[in-house]
Amino acid sequence: MKKCLLVVVFLAFTLTWGSSAWAEVIKITVDARGGEAETTRVTIFNDAVEALNKQLKEEGSDIQVKLQKNFFVGDRTDHMQRFILASKAGVAPDIFEENHDLFAILAKAGYVIPLDDYVEKYWKGVYDDFYAGLWASAKYAGKTWTIPQDSTAAVIYFNKTVLKKLGWDEKRINKMVEDVEKGTFTLQDMGLLAKEAVDKGAAKSGIYHRPSHGGWYQVIYLDQGGKLQDPVSGKLVLDKSSSLAQLQFYYDLVHTWKVTPKGMTSMDWRVIRQNFLQGDALFWLYGSWEWGGLPRSGYYVGDRKVDEDFMWENIGFMLVPAPKKGGTPATLSQPFSHGISSSSKYPEIAFRLVTFASSPELVARHAILTGHLAVRKASTEVPMYKNDKFTTEVTKMLKYTNTLPNHPLWGKYRDLIYQSVQAVEVGGLKPAEALEWLVDQMKTTLKDEVEIVE
Amino acid sequence: MWGRDNSFLLHTLKILLWKSGLMGKTLPKNQRVSPEWRLHLGIRAKNLYVYSPFLGPFFFLVVAFFFVPVILIAVISFTSMDAGLQWNFVKLAQYQKLFTDRILFRVLQNTLIYVSCTLITSVGSGFLIALLTTYLTENENIGVFFRAIWLLPRITPTVVYALLILWILDPTESGLLNTYTKALFNAPSQDWVLNYPMVVIIWLSTLTGASYAVVIFSSSLKAVPRDYIWAAAVDGASRLKIIYYILMPILKWPIMFMTIWQTLSLFTTYELIFLVTDGGPFFKSETWSLYAYHKAFRYFEFGYGAAIGMGLVAMGIVVSLLLWKVFGFKKMMEPSKGGV
């Protein structure tokens with residue numbers, strides 16, 4: 001009797017707990033980068049791994065996935081460097097998240113694997129729902145290397161408090177936004193309005209832009225009609241006339257209209273944000289994700305905490321105005337994407353984890369909490385996303401969007417553009433001189449991989 | 001244990017312990033090393049084995065972390081290594097690029113200005129401070145106190161030092177320096193780092209360089225026999241004349257050491273410039289070593305960055321030989337012809 005009881009207990013124990021004890025637990029590491037408010041890049045994988053483990057059990061698999069999350073707050077170049085060194089040592093994270101334009105370097109060097117087979121395998125019900133235009137950002141040399149996690153839009157934020165000091169009301173502010181879309185409010189108009197604000201003492205600065213290296217400078221170049229990549233040859237392109245117009249714009253900001261501090265390219269991020277929020281600057285050319293990030297970053301204006309209500313009351317946003325009357329405004333999207341490391345022992349498991357993290361609800365949650373845009377249509381039906389006014393408005397801007405090129409030398413191209421902007425803002429060069437410098441550097445640095453067109 | 005047929009190392013150790021007196025002065029006859037062995041061991045041990053247990057670890061560190069990297073960098077400079085970390089040999093292509101890189105000319109200019117100005121100010125001010133706190137200050141405690149204050153920039157971690165300086169030079173009205181200039185001169189706020197990047201990095205490097213020079217020169221001044229100074233004073237020499245005619249010639253070796261050491265150090269310094277100005281704005285404060293760093297670690301052009309680094313090695317050798325000539329190194333190495 002006792003023996004029978006023992007056997008029964010043992011069998012019950014084995015069936016309930018023992019089965020999982022015999023399961024193979026594999027560790028999948030996801031590594032992402034972002035601002036302090038963007039941790040959902042990795043935290044959404046908590047839900048994803050639960051769903052994956054559940055599916056694996058249902059399939060009868062012995063595999064269970066244990067997740068390790070790494071979140072890096074810092075420069076993308078440093079983040080990529082860490083990944084490269086880890087790849088060389090064979091200890092790279094399975095899933096690596098970065099701006100899409102960095103993956104061309106990683107793909108060329110063999111640190112990430114092409115995903116075409118997996119995308120095809122899991123296409124139905126998941127990847128067929130992604131916005132078609134985003135797949136261009138995932139491709140390099142004819143293959144798919146990444147899965148977009150979110151998208152963005154370059155916007156011009158404006159401080160309503162400053163406009164109200166100039167005597168503007170809500171109606172006039174809304175009209176400005178409409179006029180930008182119609183093409184009747186141009187870059188020149190924006191510059192002159194900023195000058196008026198500074199001259200009348202409504203703001204200390206008229207226009208801020210990002211201080212550090214980044215592809216966002218190119219939104220003005222694209223706005224001027226410039227192309228970044230030849231779709232046929234895949235080579236990078238420098239359009240001299242658009243580039244000159246871009247440099248002239250940045251030169252005018254500092255020297256002609258005097259609406260941008262000369263030291264803009266060395267300003268501190270927190271100083272920029274604080275200054276803008278408290279009305280020291282009228283316009284700020286930056287990215288849509290700041291809308292979600294600012295309320296979570298602990299800023300105060302006077303005694304008032306900057307939260308979502310503060311943002312709607314005091315801050316507005318619009319497209320980047322057209323360069324000329326009747327032209328088309330512009331914006332720029334730079335998707336943040338997942339790649340699978342070539343040193344991953346379980347690439348398909350890692351890919352399935354990414355697939356679960358790309359569910360409509362998780363995509364919507366990440367997008368809303370970080371001020372990004374969803375990459376798939378189903379997410380726009382998720383109540384959290386549907387009811388978010390900012391995301392809905394910005395999503396409408398995407399019809400004017402462009403994306404950055406995927407090219408291994410894009411980083412050098414981008415940094416030369418940044419240096420040319422510095423050249424006109426603080427380097428003492430006139431726009432034509434800076435263009436000459438830029439063309440010379442492009443030819444020297446990028447050689448055959450860049451086409452210089454008039 | 002002490003027999004003749006024991007290992008070399010044991011024998012060497014035994015001699016060292018015996019000579020040091022730790023073993024005691026005499027050993028039993030059957031445990032003593034024979035005179036021939038003693039001589040043999042003494043010579044060999046003195047030449048190599050005596051020092052190897054002590055110098056070995058440090059020798060290994062220098063070889064592993066200095067010579068091996070230099071050789072690796074030299075080899076990498078002949079490749080087009082990038083983010084892929086592939087060894088693609090391209091012969092002299094990277095060195096040819098050095099001569100066509102227009103930014104490099106500006107960088108070389110900046111480097112020469114930075115090194116020469118910082119050298120003069122750091123060695124000069126270090127010497128001056130050493131004189132003030134050692135020779136011209138009677139109270140040793142006061143001298144020690146001020147020398148200790150001057151050591152602060154050197155002992156502060158570079159990142160902390162850079163952050164403090166950036167706060168002092170903050171371009172807003174709240175920046176410490178702007179607060180003082182406004183209060184004293186009613187001057188408007190300045191973006192010091194943006195407007196005077198080279199002046200800022202020269203000043204910061206002077207503060208750290210001077211502190212080391214103070215230590216070296218202070219010790220050297222203390223080692224100067226007081227008789228010379230008293231004799232000169234008795235003969236009616238003023239303090240300035242004593243400094244110029246007696247102290248400076250005696251301190252030629254430390255001055256030469258500090259000049260060469262500081263020069264080579266300044267050629268290779270980049271972390272402070274990286275943290276404060278990052279070589280900007282628009283290459284106005286970009287130095288050679290920082291440019292090599294940017295090329296290698298920002299743009300992943302490891303091959304080209306290595307070639308720039310090798311250019312630095314060549315510059316260092318040329319400058320060292322030049323300074324040895326200027327200081328009359330050969331003459332200084334000759335035995336003195338009597339007197340001081």
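Residue numbering restarts at 1 for every chain, and letters A, B, ... go by the order of the sequence lines. Both backbone and side-chain heavy atoms feed into the values below; hydrogens, waters and symmetry mates do not.
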Criterion side-chain contact (heavy atoms from CB on, under 4.5 Å) on Tyr299(B) and Thr77(A), from CA distance to verdict: CA-CA 8 Å; Tyr299(B) 304 115; Thr77(A) 313; over 6 Å; no

Heavy atoms from other residues, nucleotides or ligands near NZ of Lys430(A) exceed 12 (cutoff 6.0 Å): no

Part of Gln441(A) within contact of chain B (heavy atom distance under 4.5 Å): side chain

Engaged part of Asp78(A) at the chain B interface, taking heavy atoms whose separation is under 4.5 Å: neither

Contact summary for Ile105(A) and Ala83(B), nearest pair of heavy atoms: CG2-CB, 3.5 Å

Pairwise side-chain contact, Gln419(A) with Phe283(B), heavy-atom cut-off 4.5 Å (strictly under): yes

Where Thr444(A) and Thr100(B) come nearest, the two heavy atoms and their spacing: CG2-O, 4.4 Å

Electrostatic pair Arg102(B)-Asp440(A), nearest N-O below 4.0 angstrom: yes

Phe89(B) atom CZ: more than 12 heavy-atom contacts under 6.0 Å: yes

Lys139(A) atom NZ, neighbour heavy-atom count above 12 within 6.0 Å: yes

Chain A contact via Pro171(B) - which portion, at a heavy-atom distance below 4.5 Å: neither

Engaged part of Asn195(B) at the chain A interface, taking heavy atoms whose separation is under 4.5 Å: side chain

Proximity breakdown for Thr265(A) and chain B, heavy-atom pairs closer than 4.5 Å: neither

Other residues, nucleotides, ligands: >12 heavy atoms within 6.0 Å of Lys182(B) NZ: no

Test item: Lys262(A) and Asp191(B) side chains (from C-beta on) under 4.5 Å apart, heavy atoms: no

side-chain contact (heavy atoms from CB on, under 4.5 Å) assessment of Tyr418(A) paired with Phe282(B): CA-CA 9 Å; Tyr418(A) 172 72; Phe282(B) 192 60; over 6 Å; no

Main-chain N/O of Phe297(B) paired to Gln81(A) side chain as donor or acceptor, under 3.5 Å: yes

CD/Gln109(B): more than 12 non-hydrogen atoms of other groups inside 6.0 Å: yes

Side-chain donor or acceptor of Lys284(B) paired with backbone N/O of Val426(A) under 3.5 Å: yes

Partner chain B: residue of Asp415(A), Leu409(A), Thr445(A) with the largest heavy-atom pair count (under 4.5 Å): Asp415(A)

